[in-house]
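Accompanying notes for the structure given below.
Lettering of chains follows the sequences in order, A, B, ..., and the numbering in each one begins at 1.
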Amino acid sequence: MTRDTSGQVCVASRDMRDVPIYDPAAIEAAWQARWAERRTNEPDLDSPARPFYNLMMFPYPSAEGLHVGNMFAFTGADIHGRFQRLVGNTVFEPIGYDAFGIHSENYALARGINPAKLIPQNIATFRRQLHRMGGMFDWRHELSTTDPGYYRWTQWLFLQLFKAGLAYRKRAAVNWCPKDKTVLANEQVINGQCERCGTAVEQRSLDQWFFRITEYAGRLLDNLDRLDWSESTVALQRNWIGRSEGAELVFRTPAGQAITVFTTRPDTVFGATYLVLAPEHPLVDELTAAEQRPAVRAYQRAVQSRDIVARRVGEKKKTGEFLGSYARNPATDESIPIWIADYVLMEYGTGAIMAVPGHDTRDHEFATQFKLPIREVVRVEGEQLPVISEEGVLVNSRQFDGLGCREGARRIVAWLAERGVGSSKVQYRLHDWCISRQRYWGPPIPIIYCDACGPVAVPERDLPVELPLIEDFRPDDSGVSPLARHTEWYNVPCPSCGKAGRRETDVSDTFLDSSWYYLRYPSTEFTDRPFDPARTKTWLPVTTYIGGNEHAVLHLLYSRFITMVLKDFGHVEFEEPFPKLRAHGLIVKDGAKMSKSRGNVVVPDAYVQQWGADTFRMYLMFLGPFQEGGDFRDTGITGIRRFLDKVWVLAHEAVTAAEGPVPPEVLTKLHQTIRKVTADTESLNYNTAIAAMMEYVNLVREKDAANKTTLRRLILLLAPYAPHFAEELWALLGGTERSVFDVRWPEVDETFLAGGSVEIAVQVNGKLRGRLVLGRGASEEQVVALALEMDGVKKFVNGGKIRKAIYVQDRVLNLVV
RNA sequence: GCCCGGGUGGCGAAACCGGUAGACGCAAGGGACUUAAAAUCCCUUGGGAGGAAACUCCCGUGCAGGUUCGAGUCCUGCCCCGGGCACCA
């Protein structure tokens, strides 16, 4: 019996020859030290032969440390990087920390310690864990978004948008989380609740900074067609941008006011029997008749106080109020009533709709409730109103009667456009990006307010605007940042006129930090520029980006937007930062997402400690398809360890044993394995690549064909997956290179694939009746002749005539009788 | 409601372009080695029926149909699970 220092039982050679014990802890520590000392993972950034920028989504350094989901993601990405290096690319694989933001701040609040003191401890833990997992990280280029040398440029970025008119300030109803005491982006509101703490979100009206991402909606959408991204991610982004084609139509009041509505169904304009404005619509006041004023005011107040949950999600029952005034339907010329109702949202379209109760479920509900006229303008045989389908013909639409919906829509828009009361319009669901946060833990927005000059940009030479270390970093419900309690910090002269000014006390959204970090990585050592032009030209855009779909919308959309802006202002030469993106799956535990609140977070440390990083890495990859994720159970780790033990023993046997001839079938299998592992690793199908290596090892053992030359090839295949293990065995098998990662990936020799025998399935009428083992490439005649001799086949052919024989070369023969 | 995934043994999963369903691994059972246990090695393992046995047959990829010589894979209509969006006009 043998045990290593951790108490782990280890194998001896299967024939009891003495083989040193595979002790991952020792090997892994030694190789990690060697990599650091030899600068193995530090590519030449200035003149790389074949630059390959392998990017993974950087973590936020939570107090719990790296969890198993992070390790799954990073391992998958690291395998990709290591493989790319082995096939001859100069791989740059950086890592960093997205350490600003509400996660970190909330934890700091709970502990009562300033995040500026707490975060470095968390980062230290992450750094240690990232080293331990054996990633091919270039530690020279590690970054943290909380470093003033980083956020200086985040602030610079803000200023570029500000100067271009893409950052603006407006008072807006925003999502307010009463528990976290902060404004949330729409994207951070899930079912009307704060995505962090689950508290119901309220509406508040505050002055906020916004970025005009909506100006880029069309480009952000159109470019998706040109990106090599996981389909799932593309679908999420498309959905989020939400393009709708339709028309804007103008309804006029007798007094001449114009109410513009957006509709996707201009074909139904003859059925518009009333108008509905959002309660906050700017025209509401002037359109309200005197006698309706009290009721309208009361309704507006009621809507405002109702939380966003009720407005957005719940409440089947429609509510609304008549304004007491009318407008003309531009198609029918009829006078129709104007209402307000909270089912119409100010943020979408024009904040006003033409209601077509015959052909819209919501309008139908509302009209029924308030007894408003419902008119049929689209007829579908055998269907009752409301008819939503566009597969009908227009009726009650005068000269347009009888047309199909689509054709009708075109003609009606053209007809209204002639009279200046309509035009076609593309509408997006995307909203502008609110980047203000009334919090402490973020980069201060670099603006100074001056009574004379208005909001003035902090001069670039004065960046960074450093976040001061304050004791009272706790937010309150005043709606202003904790920084607003520090006059000594915010009272500064106006950079423009020199009179008394006041700093912006809000900080920016974490998503701004992460919207450009990939530009910073190659240039971390430059203190005088955000990203060096030469380095950027060499390394960007990112070659492969790997990350989770939880960032499919926010992070990826914002990064694309920021890159487009930088392109438009001449700072970079490309507009898509991530031409190739692969989404990995989610690791769940017992069917549920891992979260602190569920208490099901799995920390990898104990596993890495017990089994070694290599075993745990491979185990995570063997769990299921990388791009699908899976449920974490630790029941299968032994399988991977047994596999590595077998390879370990084979390698040691091969070193001492005399080199014998390799059986041909082992050689064939070897080249099949090289082919499969190459293809699967390239396409991120790591689970099946591992299975293929296991199959090969099983065969080598069965044939007792351990051999240095062939084992070296196996070690190379294994290297991306188990890097320390591979280094150790490569050296053992006589590798003279400084690292196995400086060797070239093995190539498939087709001549070995051609040989060997195949098993051909023989079917009668599509049912399997026997198998033939033959040399590759047998002709149909030969196979049919042999098949007819088989007992199982004879029995079912039963003397009948073969009507047809279908032969798929080397695979299957089907006899039809 | 709309948009993505997905449904295959006791479990995680494989299956190229429609061509031998269940590779690989876990767990389980049996055996070898051992004083014993662990480790290791060998065998069995989708369900059912028959046979002393070598074996043989039938059924089987969420459900119901269809296309095809042949369907886990393609088509039509459903059911269920996961994720995203959602009073978006």
Side-chain angles (χ1 to χ4, degrees), chain A residues 1-3 8-16 190-191 230-236 238-240 242 244 246 261-265 276 311-316 318 341-345 347-356 360-363 365-366 388 427-429 549-550 552-553 585-586 588 591 593 619 622-625 627-631 633-640 642-643 645-646 649 676 679 685 687-688 690-695 698 701 759-771 791-792 795 803-809 811-817:
Chain A
M1 160 181 133
T2 47
R3 279 177 193 274
Q8 177 61 45
V9 176
C10 285
V11 276
S13 167
R14 64 197 148 121
D15 56 4
M16 295 302 153
I190 309 296
N191 283 331
S230 296
E231 260 315 306
S232 55
T233 315
V234 173
L236 288 166
R238 261 208 190 100
N239 230 306
W240 189 262
S244 291
V261 303
F262 173 71
T263 177
T264 52
R265 295 292 303 275
V276 187
R311 178 153 179 193
R312 290 239 163 140
V313 185
E315 313 242 335
K316 282 275 166 287
K318 292 276 183 288
D342 70 352
Y343 80 94
V344 175
L345 308 172
E347 316 90 81
Y348 186 75
T350 62
I353 62 158
M354 63 173 201
V356 184
D360 180 281
T361 38
R362 294 151 307 184
D363 297 345
E365 233 175 88
F366 190 83
I388 312 304
Q427 180 67 47
Y428 297 96
R429 221 198 47 207
N549 261 344
E550 68 272 23
V553 180
L586 192 67
V588 297
K593 207 166 154 175
Y619 165 66
F622 195 55
L623 211 56
Q627 300 188 63
E628 283 171 35
D631 207 329
R633 310 154 317 273
D634 50 16
T635 53
I637 304 182
T638 39
I640 297 289
R642 287 204 267 254
F643 166 70
D645 277 337
K646 287 171 190 171
V649 170
K676 178 143 179 74
N685 293 122
N687 56 333
T688 48
I690 293 170
M693 291 188 271
M694 288 173 166
E695 273 188 65
N698 289 346
R701 281 160 51 84
E759 202 176 64
I760 298 168
V762 180
Q763 302 175 337
V764 178
N765 290 336
K767 283 199 183 244
L768 182 70
R769 295 303 174 194
R771 297 181 172 90
D791 288 343
K795 191 159 114 194
R803 290 196 291 137
K804 200 170 168 189
I806 291 125
Y807 178 56
V808 181
Q809 188 68 52
R811 277 192 166 271
V812 67
L813 173 72
N814 188 14
L815 300 170
V816 186
V817 294

- Gap in Å between the two P atoms, one belonging to B:A38 and one to B:G46, rounded: 25 Å
- Query: So what does A:R642 hit on the nucleic acid, given a heavy-atom distance under 4.0 Å: a base, only sugar-phosphate, or nothing?
  - Reply: sugar-phosphate
- Task: Summarise how protein sits on nucleotides 6-15 of chain B as a single string, 5' to 3': B when a protein heavy atom is under 4.0 Å from the base, S for sugar-phosphate-only contact, - for no contact.
- Result: ------BSS-
- For A:E695 and A:G636, take the nucleotide of RNA chain B holding the closest heavy atom to each; which residue's nucleotide lies nearer the 5' end? A:E695
Could you list the protein-to-nucleotides 54-61 of chain B atom pairs, N/O on both sides, closer than 3.5 Å?
unit_1, atom_1, unit_2, atom_2, d
B:U56, O3', A:K795, NZ, 3.3
B:C58, OP1, A:R769, NH2, 3.3
B:C58, OP2, A:R769, NH1, 3.1
B:C59, OP2, A:K767, NZ, 3.0

- Message: What's the separation between atom CD in A:Q763 and atom CD1 in A:I806, rounded to the nearest 0.5 Å?
- Response: 9.0 Å
- Item | Nearest-Å distance once atom C1' is located in both B:A53 and B:G66 | 44 Å
- Message: I'd like to check the salt bridge (charged side-chain N to carboxylate O under 4.0 Å, His left out) partners of A:R811; sequence neighbours left out, ordered by chain and number.
- Response: none
- How would you list, by chain and number, every residue that makes a side-chain hydrogen bond (donor to acceptor under 3.5 Å, both in side chains) with A:T350, sequence neighbours excluded? none
- From the list B:U20, B:C85, B:A27, which nucleotide is the closest neighbour of the side chain of A:W240? B:C85
- Message: Strictly below 4.0 Å: does A:R701 bring a side-chain N or O up to OP1 or OP2 of B:C41?
- Response: yes
- Query: Among the nucleotides B:U20, B:A89, B:C69, which one has an atom lying closest to any side-chain atom of A:K804?
  - Reply: B:C69
- For B:G7 and B:A28, measure between their P atoms and round to the nearest Å. 27 Å
- Taking pairs as Watson-Crick (N1-N3 plus N6-O4 or O6-N4) or G-U wobble (N1-O2 and O6-N3), each distance under 3.5 Å, the stems of three or more consecutive pairs with RNA chain B are B:1-7 with B:79-85, B:10-12 with B:24-26, B:28-32 with B:40-44, B:46-50 with B:55-59, B:62-66 with B:74-78
- Note on the structure: Taken to the nearest whole Å, CG/A:N814 to P/B:U68 is 15 Å
- Item | Which residue lies more 5' along RNA chain B, comparing A:T263 with A:I637 via nearest heavy atoms | A:I637
- B:U73 and B:U68, which share atom name C1', separated by this distance in whole Å: 13 Å
- Among B:C87, B:U20, B:A23, which is the nearest nucleotide to the side chain of A:D342? B:C87
- Query: Taking atom C1' of B:A23 as reference, at what distance in whole Å does atom CD1 of A:I690 sit?
  - Reply: 15 Å
- Rounded to the Å, how far apart are A:E365 CD and B:C87 P? 13 Å
- Task: Please measure how far the C1' atom in B:C80 lies from the corresponding atom in B:A64, and state the result in whole Å.
- Result: 15 Å
- Query: Nearest of B:A89, B:U20, B:A27 to any side-chain atom of A:T638?
  - Reply: B:A27
- Interatomic distance, A:L815 atom CG to A:K767 atom NZ [nearest 0.5 angstrom]: 15.5 Å
- Would you please name every residue forming a side-chain contact (heavy atoms from CB on, under 4.5 Å) with A:I690, sequence neighbours left out? A:M618, A:M621, A:F622, A:I640, A:M693, A:M694, A:Y721
- Task: Please identify each residue that fulfils side-chain hydrogen bond (donor to acceptor under 3.5 Å, both in side chains) with A:T264, with sequence neighbours left out.
- Result: none
- Expressed in whole Å, how much space separates the C1' atoms belonging to B:U20 and B:C79? 31 Å
- Task: Please name all residues satisfying ring-ring contact (aromatic ring centres under 6.0 Å, His included) with A:F366, sequence neighbours left out, ordered by chain then number.
- Result: A:Y274, A:W339, A:Y343, A:F370
- Note on the structure: With syn meaning chi within 90° of zero and anything else anti, the base of B:C17 is syn
- Query: If anything within 90° of 0 is syn and all else is anti, what is B:G62?
  - Reply: anti
- Hey, does A:V816 reach any base, or is it just sugar-phosphate, or nothing, if we go heavy atoms under 4.0 Å? sugar-phosphate
- Message: Counting only side-chain nitrogens and oxygens, does A:N239 get under 4.0 Å of the OP1 or OP2 atom of B:A86?
- Response: no
- Message: Using the C1' atom as the point on both nucleotides, what is the distance between B:G1 and B:G60, in whole Å?
- Response: 36 Å
- Return the value, rounded to whole Å, for the distance between atom CD of A:Q809 and atom C1' of B:C17. 16 Å
- Query: Over how many whole Å does the gap from A:E759 atom CD to B:A21 atom P extend?
  - Reply: 11 Å
- Item | Check: A:I353 and A:D360 side chains under 4.5 Å, non-hydrogen atoms | no
- For B:U56 and B:G70, measure between their C1' atoms and round to the nearest Å. 23 Å
- Residues which pass side-chain contact (heavy atoms from CB on, under 4.5 Å) with A:A761, listed by chain and number, not counting sequence neighbours: A:L768, A:V812
- Of all residues at least two apart in sequence or in a different chain, which pass the side-chain hydrogen bond (donor to acceptor under 3.5 Å, both in side chains) check with A:T638? none
- Task: Sequence neighbours left out, what passes salt bridge (charged side-chain N to carboxylate O under 4.0 Å, His left out) with A:E695? Give chain and number order.
- Result: A:K669
- Message: Can you identify which nucleotide, out of B:G19, B:A89, B:C85, has its nearest atom closest to the A:R429 side chain?
- Response: B:C85
- Query: Which part of the nucleic acid does A:T361 contact within heavy-atom distance under 4.0 Å: base, sugar-phosphate only, or nothing?
  - Reply: nothing
- Query: What nucleotide, of B:U20, B:C87, B:A89, holds the atom closest to the side chain of A:F262?
  - Reply: B:A89
- Message: Just verifying a value: how many Å separate A:T361 OG1 and A:I388 CD1, rounded to the nearest 0.5 Å?
- Response: 5.0 Å
- Query: Would you say B:C3 has OP1 or OP2 under 4.0 Å from some side-chain N or O of A:R238?
  - Reply: no
- Task: Let me know the distance between CD of A:Q763 and C1' of B:G19, rounded to the nearest Å.
- Result: 7 Å
- Message: Taking the side chain as everything from C-beta on, heavy atoms only, tell me whether A:N698 gets closer than 4.5 Å to A:K646.
- Response: yes
- Applying side-chain hydrogen bond (donor to acceptor under 3.5 Å, both in side chains), name anything that partners A:D634, two or more places apart in sequence or on another chain. A:Y607
- Query: Quick one: CG on A:N687 to CD on A:Q627, what's the gap to the nearest 0.5 Å?
  - Reply: 10.5 Å
- Message: Can you measure A:I388 atom CD1 to B:A89 atom P for me and round it to whole angstrom units?
- Response: 12 Å
- Please state how far atom CD in A:E347 lies from atom C1' in B:C87, giving the value in whole angstrom units. 12 Å
